Amino acid sequence: MPSLVAACGEPVLSTPEPVFLQASGSMALAPLVEELAAAFHEREPLVHLEVSGLGTAYGLDALRRGEADLALVSWLPADLPADWRATAIARDGIAIVVHPGNPVDGLGLLQLQDLFGGRADEWQAVGVSLSGAVQPVSREEGSGTRAAFEALVMGDRRVTPRAVVAPSDQAVVEYVAAHPGAIGYVGMVWASSGVKVLKVEGERPTPQGVERGSYALTRELWLVTAGPPSEAVQRFFDFALGQAGQQIVGQRYGRIR
């Protein structure tokens with residue numbers, strides 16, 4: 001709110017100052033936060049939120065160094081500092097993608113463990129009538145999508161060292177689209193027509209499925225602050241979790257509310 005300041009004996013309104021916020025982190029969450037930030041800016045033109053998607057670990061490090069006001073987090077680490085605040089704003093599904101020429105339609109969690117763990121190095125080992133070797137494609141260390149995939153699919157098993165390590169969801173999609181034997185995982189909004197999205201335990205990822213939690217590889221997407229959020233950040237949270245914000249969320253992700 002503008003404040004009254006005495007000038008030459010007459011009260012005048014001071015000019016409100018713009019607020020500039022930095023949000024950094026998850027590539028899976030960045031497109032959504034950019035959409036929310038644009039809609040929020042229309043309501044509050046003085047609040048500018050700049051978003052960069054460089055990975056969950058990068059966002060948390062930037063928050064720790066005081067270089068970001070918000071960290072975008074696609075898998076909440078267990079060792080988050082006790083005074084930090086995490087607010088879930090959406091749900092996402094991790095999509096399993098293969099080359100469009102692969103005849104497989106769906107896989108179970110145990111089959112995914114075997115394929116990404118290296119136990120099944122031929123497609124025929126999991127009942128798929130495709131000749132040739134399996135080429136798993138994983139994400140880099142520090143990726144929230146990788147942490148979520150390992151927790152939801154791999155459990156105590158590790159992804160095989162033979163896996164191609166891609167620096168982004170887009171890079172995963174590009175590699176899988178170009179290699180008939182490849183299989184990878186991405187946030188569901190990154191899956192494109194160049195790859196086939198598989199059913200997991202009988203269901204493909206959709207905003208409705210991840211919203212109700214029926215899709216097996218569902219995770220929550222978080223905004224994290226180092227301590228209580230500032231007034232401007234809290235207003236953005238309120239918008240993101242309100243009716244208008246959740247309507248934006250529901251277009252491509254699962255709603256929280």
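All figures in this text were calculated on a predicted structure; none of them were measured in a lab.
Using a cutoff of 4.0 Å between basic side-chain nitrogens and carboxylate oxygens, Arg252 and Asp92 are not scored as salt-bridged. Glu211 has no carboxylate O lying under 4.0 Å from a charged side-chain N of Arg91, or vice versa, which leaves the two without a salt bridge. Salt bridge status for Glu150 with Arg219: absent, with no side-chain N to carboxylate O gap under 4.0 Å. With salt bridges taken as basic N to acidic carboxylate O contacts below 4.0 Å, one links Asp61 and Arg64. Taking the charged nitrogens against the carboxylate oxygens, Arg146 and Asp169 have no contact shorter than 4.0 Å, which rules out a salt bridge.
Inter-residue side-chain proximity for Leu63 and Leu70 is flagged as unmet; no heavy-atom pair is nearer than 4.5 Å. In this structure, Val98 and Val195 have side chains that are not in contact, with every pair of non-hydrogen atoms separated by 4.5 Å or more.
Separating the CD atom in Gln135 from the CD1 atom in Ile183 is a distance of 11.0 Å, to the nearest 0.5 Å. Between the CG atom of Leu221 and the OG atom of Ser74 there is a distance of 6.5 Å, given to the nearest 0.5 Å.
Under the 6.0 Å cut-off for aromatic ring centres, His179 and His99 do not qualify, their centroids lying 6.0 Å or more apart.
Remark: side-chain polar atoms of Arg85 are not paired, donor with acceptor, to backbone N or O of Val224 under 3.5 angstrom. The closest donor-acceptor contact from the side chain of Lys196 to the backbone of Ile96 lies at 3.5 Å or more, if one exists at all.
Applying the ring pair (Phe, Tyr, Trp, His ring centres under 6.0 Å) test to pairs two or more places apart or on separate chains, those with a residue in residues 228-257 are Phe40-Phe236, Phe40-Phe239. Sorted by first then second residue, the ring pair (Phe, Tyr, Trp, His ring centres under 6.0 Å) pairs that include residues 106-148, not counting sequence neighbours, are Phe116-Phe149, Phe116-Tyr185.
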Quiz item: Would Arg257 and Gln246 count as a side-chain hydrogen bond (donor to acceptor under 3.5 Å, both in side chains) if you check the C-alpha gap in whole Å, the side-chain angles of each, and the deciding distance to 0.1 Å?
Solution: CA-CA 7 Å; Arg257 296 181 177 175; Gln246 288 295 293; over 6 Å; no
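The nearest pair of heavy atoms linking Val249 to Ile89 is CG2-O, 3.8 Å. Smallest separation of non-hydrogen atoms from Val134 and Arg162: O-NH1, 3.6 Å.
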